[in-house]
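One-based numbering, in listed order, for ligands and for the atoms of each.
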Amino acid sequence: MKKSIKYAWLIVLMLALVVSVVGCGGNDQTPAKDAAEKPKLVVAADATFAPFEFTETSTGKYIGFDVELMEAICNEVGYEMEFRSMGFDGLIAALQANQIDAVISAMTITDERKKAVDFSDPYYKSGLIVAVQASNNEITSFEDLKGKKLAVQSGTTGALQAEKITDKDKITYFTSSDQALLELKNGAVDAVVNDYPVSAYFIQQGNDEIKLVGEILSSEEYGIAVPKGETETLEKINAGLKAIKENGKYTEIYKKWFGEEPK
Ligand code: ARG
């Protein structure tokens, strides 16, 4: 063999070696592998509560403030999020049975619920409001609801409030607050007690046969719930929430869904 051909072969061999070594090294760090190693967090909500969690009709996807917030938290702390929808009054039981890892469902932090689950730091300030038909000039506050026909979503703080004001047999319970608001729109009940931002959003969507009256009642705070004693998950969720509040992501998501700076 000629000397120059020998050298050419040597160079080809060396190149092949370099390529294979570099190739292997690169393979170890592909993002696909990292993603596969991320622990999965099964998150549930009652996705009928716009603008917090609902289904986009055109795609069938779950969207809303809570969905994006939880996605951002999971990204921040390295969880792969799997989102599910189930009835609001079954969420706490599902946590207790460890069928799901977390709930983000515009769920108000209450002492009663704290007996059954653990809550993250608060992530949204809310309150209850009365909705009536636009033509109704008789009901102007919570006090006026006594003896009136009310509609509420089962298992909510709105339902509890309604029960404090009027007899249970005057209350119709629905699995979603939209159904309760439609009942009001159709004139079958006198008022709906529900979370302010959700009833306000419903009206904004073109349901102007309905209006909100009186003051927003009691300040409520929403929290992310986890099964009791799941401290590691809870600490990660709190750390993620803190991080997205600091890096501007929380404000960005808040403004997108509520059109204003966070309260
Ligand atoms: N904030 C109220 C509560 O905790 C209502 C929440 C309803 N949420 C829902 N996704 N349907 O009781």
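Near Gln153, with a cut-off below 4.0 Å to any heavy atom, the atoms of ligand 1 are 7 (C), 11 (N). Taking every heavy atom of Met107 and a limit of under 4.0 angstrom, the matching atoms of ligand 1 come to 4 (O). Residue contact check: Phe88 has heavy atoms under 4.0 Å from atoms 3 (C), 4 (O), 6 (C), 7 (C), 8 (N), 9 (C), 11 (N), 12 (O) of ligand 1. Listed by atom number, the atoms of ligand 1 under 4.0 Å from Thr108 heavy atoms are 1 (N), 2 (C), 3 (C), 4 (O).
The OG atom of Ser154 sits 9.0 Å away from the CD atom of Gln179 when rounded to the nearest 0.5 Å.
By the criterion of a heavy-atom distance under 4.0 Å, both the backbone and the side chain of Asp46 are placed next to ligand 1. For Arg113, every heavy-atom contact with ligand 1 shorter than 4.0 Å involves the side chain, none the backbone.
The closest protein non-hydrogen atom to atom 9 (C) of ligand 1 is Phe49 CG, 3.3 Å. Of the protein's non-hydrogen atoms, Ala106 O, 3.2 Å is the one closest to atom 6 (C) of ligand 1. Of all protein heavy atoms, the one closest to atom 1 (N) of ligand 1 is Asp195 OD2, 2.6 Å. When hydrogens are left out, the protein atom nearest atom 8 (N) of ligand 1 is Ser105 O, 2.9 Å; that is the closest non-hydrogen contact.
Using 4.0 Å as the threshold, Tyr222 has a heavy atom nearer than that to some atom of ligand 1.
Checked by atom type, the side-chain pair Thr156/Gln153 shows no donor-acceptor distance below 3.5 Å. With no hydrogens or angles considered, a side-chain donor-acceptor pair links Tyr222 and Ser126 at under 3.5 Å.
A single hydrophobic cluster is seen to contain both Val198 and Tyr254, as judged by linkage of ILVMFWY side chains at heavy-atom distances under 4.5 Å, directly or through other members.
Checked against the 6.0 Å centroid threshold, Phe88 and Phe49 do not count as a close aromatic pair.
Lys236 forms a cation-pi arrangement with Tyr79, by the criterion of a distance under 6.0 Å to the ring centre and an angle within 45° of the ring axis.
Each of Val132, Asp144, Asn137 was compared with Val213 under the side chain to side chain contact (heavy atoms under 4.5 Å, CB included) criterion, and only Val132 meets it.
Asn136 contributes a side-chain N or O that, together with a main-chain N or O of Glu138, makes up a donor-acceptor pair within less than 3.5 Å.
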